[in-house]
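The next block holds one structure in the form of structure tokens; read it before the comments.
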Amino acid sequence: MNSLLANRKLFKEGQKILITTHYNPDADAIGSSLSLKNYFDKIGLKPQVWLPSSLPHHFSWMKGAQEVLDFEKAADRQIMQDSIGDFDWIFCLDFSGIGRIHGLSNLIKNTSTPKVIIDHHLDPENFADYYLHDTKAASTCELIFRLMQDWGDKSLIDSELGACMYAGIMADTGSFRHPNTTSEVHKIVAELIDLGVNTNRVHRKIFDSSSIDRLRFLGHLLSKRLEYLSEYHLALMWLTEEDQKQFHSQAGDTEGFVNYGLQVEGAIWAILLIERNDGVKLSFRSIEPFAVNQFAAQYFEGGGHKNASGGRIPKSNMEDAKKILMDVLPLQLDQINQVKNL
Ligand SMILES: [Mn+2]
């Protein structure tokens, strides 16, 4: 793996840079992409951000958000297909498995343009030329901070760029309470505050921006679609297509819902199943030291972080998905029993 940090000289003024991130982008995906875009704008590179799916509305305040392209919009897709050959570099942020960018993956895979991965997920695939990859980093935004620092450009972080960075750090640490919240995280945030980032505003923009429908949807989930399976110390939640229609669910609306399961006393882990037209999507959360990434990879074509993973059951409805899940739960009892009394 070639280190990105050692290779600042590769990037020359005027070069066109494509920045992309994963499907259903979260705050770290968008925050890191726009931090890097704003940074590259400042040093005379020509960056563009392409998303495989739409930008959730609660990130639209970030500087540069209005300029991103969305592969799921026909007009944007056409521009992407016509201009994929125009770039000098492709930066892949907050993912390291090419499948995570869905429709965009073929376009990107098939170019010979040199690629860079900046990411903190486990088990990176080997499709890039340069890496800034650290599974101990709490967020990709933290790695963008490290990049700017190592390249001697920390002074270019202004309040707007810093706000994008703070958004990703805040979200991927669960507002500084997940076990990935190191002293390094707090030191970076302290610097961002000193650089003028209004952290309270970022928090409000992301977390206090629910539609009434979304709040009622959450109420429905907690009152009707949450079960505690005490033998497995598991908070199990699910949302059918019907539920999503009833509450006019928009992209990004279910973000963070799975975390509520861990608030049940005694819960070691939480699973949220969401029915989609092409199958069922699963989100996993757990408390240290219980790992969910292996479970997600082994049974649900997924993976992610030790305490926060995702997966899917293609071509399944909710009823079948729940059966599949219930069948593999007993296999986790060993791990559950080891952890439950800690
Ligand atoms: Mn991330």
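Positions are given from 1, in the same order as the sequence printed here. Computed over heavy atoms, backbone and side chain alike; hydrogens, waters and symmetry mates excluded. Order of listing sets the numbers, starting from 1, for every ligand and every atom in it.
Checked against the 6.0 Å centroid criterion, the rings of His305 and His178 do not qualify as a close aromatic pair.
With respect to the salt-bridge test (charged N to carboxylate O, under 4.0 angstrom), the residues Glu288 and Lys306 qualify. Note on Asp41 versus Lys46: no salt bridge recorded, every NZ/NE/NH1/NH2 to OD/OE distance being 4.0 Å or above. With respect to the salt-bridge test (charged N to carboxylate O, under 4.0 angstrom), the residues Arg146 and Asp134 qualify.
Excluding waters, the protein N/O/S atoms found under 2.8 Å from the Mn ion (ligand 1) are Asp28 OD2, Asp94 OD1, His120 NE2, Asp172 OD2.
When all heavy atoms of Glu125 and Ile117 are compared, the closest pair comes out as O-CD1, 4.1 Å.
The aromatic rings of Trp50 and Phe87 stand perpendicular to each other, their planes meeting at an angle above 60°, with 30° marking the opposite boundary.
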